[in-house]
2 protein chains.
Amino acid sequence: MHNWLGSKGYPLDMTPLQPAPAAEDDWLRLDHQICFSLHAASRAFNGVYRVILKDLGLTYPQYLVMLVLWERGELPVKKLGEHLRLDSGTLSPLLKRLEAAGLVRRERSARDERSVQVGLTEEGSALRERARQVPRRIAAATGCDVEEIRTLRERLDELTTALDAAALQEAPGCS
Amino acid sequence: MHNWLGSKGYPLDMTPLQPAPAAEDDWLRLDHQICFSLHAASRAFNGVYRVILKDLGLTYPQYLVMLVLWERGELPVKKLGEHLRLDSGTLSPLLKRLEAAGLVRRERSARDERSVQVGLTEEGSALRERARQVPRRIAAATGCDVEEIRTLRERLDELTTALDAAALQEAPGCS
DNA sequence: CACAATTAAGTTGTGCACAACTGGTTGGGG
DNA sequence: CCCCAACCAGTTGTGCACAACTTAATTGTG
């Protein structure tokens with residue numbers, strides 16, 4: 001991990017150099033802040049998970065997959081993708097790696113041979129026990145109490161819903 | 001773009017199937033929510049930017065680099081990385097692509113040949129004009145007003161600071 | 001039944017993030 | 001003066017995200 005905090009606290013000081021920027025320049029700066037903040041927060045979270053999950057031999061997206069499997073049990077790749085908002089292009093190689101690690105079992109459905117059922121192996125189920133400590137360590141790392149986390153999560157979910165709707169609007173082919 | 005909203009509004013319904021989960025299972029679920037929400041929000045943002053930035057021929061991280069250059073002017077790769085929290089492993093190939101696109105100029109500093117100065121080309125500076133419309137479109141996509149965005153950004157920055165600090169604590173080699 | 005449209009998973013290619021490493025450059029002790 | 005530690009950019013390798021495409025199975029309709 002790099003020492004981004006080398007100088008002092010928060011390394012980003014985007015203080016304006018010009019006295020009174022035009023309205024649009026102001027927007028540009030504000031925009032920088034929100035998109036950048038989210039990007040940075042996501043990567044910071046990823047970094048903490050990376051450290052904590054190293055013991056378990058999982059990456060952050062792999063951990064998300066395992067959480068769904070622990071909670072839901074066996075389910076097809078399609079369903080897994082709907083829960084995680086990921087498509088087969090991302091999940092296929094990821095699941096193959098989990099399979100190679102012996103945590104996951106993949107088998108074609110007999111009833112519909114297009115579908116592949118993903119389930120836990122003995123070892124994959126057992127890993128859940130070792131994963132129980134993870135949430136507490138993450139919560140501690142955020143320095144927030146449960147209520148704060150819940151509020152933030154709700155705001156983020158609202159944002160995601162709005163952004164998804166907007167993406168469909170913005171998508172090419174919408175007159 | 002995939003139609004993740006196929007069924008209705010928000011596709012994630014992680015309602016518990018068991019009646020009264022143990023405290024640690026509850027933590028596991030809560031944890032799922034926050035880490036997943038942030039992950040999803042980040043990718044949703046990325047998706048909106050992807051659509052909007054396609055006109056400019058920029059990816060989201062490339063746009064972030066250009067924002068810094070527009071605001072700060074010429075600066076070494078190191079400084080650029082500090083502003084964006086990215087290292088040379090990410091920036092070097094990204095900057096080469098921007099250079100190949102004719103937007104950016106890279107040259108070794110004469111005074112310190114370890115350092116590479118990154119600056120805008122004529123074309124790179126000109127692109128700023130076309131980028132002015134971006135923030136408004138993004139803000140519209142979020143469906144939030146300026147104040148809401150500012151509040152969320154502040155929460156995210158706090159979170160990032162806390163997480164970075166925690167990552168250093170968790171890092172191996174800390175007794 | 002036949003055949004076109006749809007659906008599921010997988011593959012390919014591009015780009016980003018990051019760890020680990022390489023190769024010059026610089027600057028400070030011995 | 002020389003060597004070595006620190007430093008900067010770049011390279012390599014792994015994994016994720018996503019668009020575009022392929023392959024195979026299923027479903028619907030004439």
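By convention in this document, chain letters (A, B, ...) are assigned in the order of the sequence lines, proteins followed by strands, and residues within each chain are numbered from 1. Quick caveat, the model's predicted, so the values are computed rather than measured.
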Next on the checklist: Between Glu148(A) and Leu152(A), is the side chain to side chain contact (heavy atoms under 4.5 Å, CB included) condition met? List the steps.
Outcome noted: CA-CA 6 Å; Glu148(A) 282 180 298; Leu152(A) 181 59; over 6 Å; no

Rounded to the nearest angstrom, tell me the gap between atom [atom1] in [X] and atom [atom2] in [N].
X         : N       : atom1 : atom2 : answer
Leu86(B)  : dA19(C) : CG    : C1'   : 14 Å
Leu94(B)  : dC18(C) : CG    : C1'   : 14 Å
Leu84(A)  : dA17(D) : CG    : C1'   : 13 Å
Glu113(B) : dG27(C) : CD    : P     : 12 Å
Lys78(A)  : dA24(D) : NZ    : P     : 21 Å
Arg114(B) : dG28(C) : CZ    : C1'   : 12 Å
Leu53(A)  : dT14(D) : CG    : P     : 20 Å
Arg106(A) : dA9(C)  : CZ    : P     : 11 Å

Counting only side-chain nitrogens and oxygens, does [X] get under 4.0 Å of the OP1 or OP2 atom of [N]?
X         : N       : value
Arg111(A) : dA25(D) : no
Arg108(A) : dA9(C)  : no
Ser92(B)  : dG10(D) : yes
Lys96(B)  : dG10(D) : no

Checklist entry - Do Glu129(A) side-chain atoms and Ala126(A) backbone N/O form a donor-acceptor pair below 3.5 Å? => result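 Looks like no, no N/O pair under 3.5 Å.
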
Next on the checklist: What's Thr90(B) touching, base or sugar-phosphate or nothing? Going by heavy atoms closer than 4.0 Å.
Outcome noted: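 It contacts base atoms.
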
Checklist entry - When all nucleic acid strands are considered with a 4.0 Å heavy-atom cut-off, which category describes Asp112(B): base, sugar-phosphate, or nothing? => result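 The answer is sugar-phosphate, as Asp112(B) gets under 4.0 Å only of primed atoms, P, OP1 or OP2.
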
Checklist entry - Looking at Gln62(A), Met66(A), Glu122(A), which hits side-chain contact (heavy atoms from CB on, under 4.5 Å) with Leu103(A)? => result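 That would be Met66(A); it is the only one of Gln62(A), Met66(A), Glu122(A) passing the side-chain contact (heavy atoms from CB on, under 4.5 Å) with Leu103(A).
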
Checklist entry - Charged N to carboxylate O below 4.0 Å: is that the case for Glu99(B) and Lys96(B)? => result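 The answer is no: the pair does not qualify as a salt bridge.
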
Checklist entry - From dA9(D), dG15(C), dC18(D), pick the nucleotide closest to the side chain of Arg50(B)? => result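 Among the listed nucleotides, the one closest to the side chain of Arg50(B) is dC18(D).
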
Item to check | Among dA17(D), dT26(D), dA9(C), the nucleotide that comes nearest once only the side chain of Pro61(A) is considered | outcome: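 My answer, after comparing the listed nucleotides, is dA17(D).
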
Checklist entry - So which one's nearest nucleotide on DNA chain D is more toward 5', Val116(B) or Thr59(A)? => result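 Of the two residues, Val116(B) wins.
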
Checklist entry - 5'-most contact on DNA chain D: Ser88(B) or Arg43(B), nearest heavy atom basis? => result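 The 5'-side residue here is Ser88(B).
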
Next on the checklist: Below 30° counts as parallel, above 60° as perpendicular, anything between as tilted: where do the rings of Tyr63(A) and Trp70(A) land?
Outcome noted: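 The rings of Tyr63(A) and Trp70(A) stand perpendicular, inter-plane angle above 60°.
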
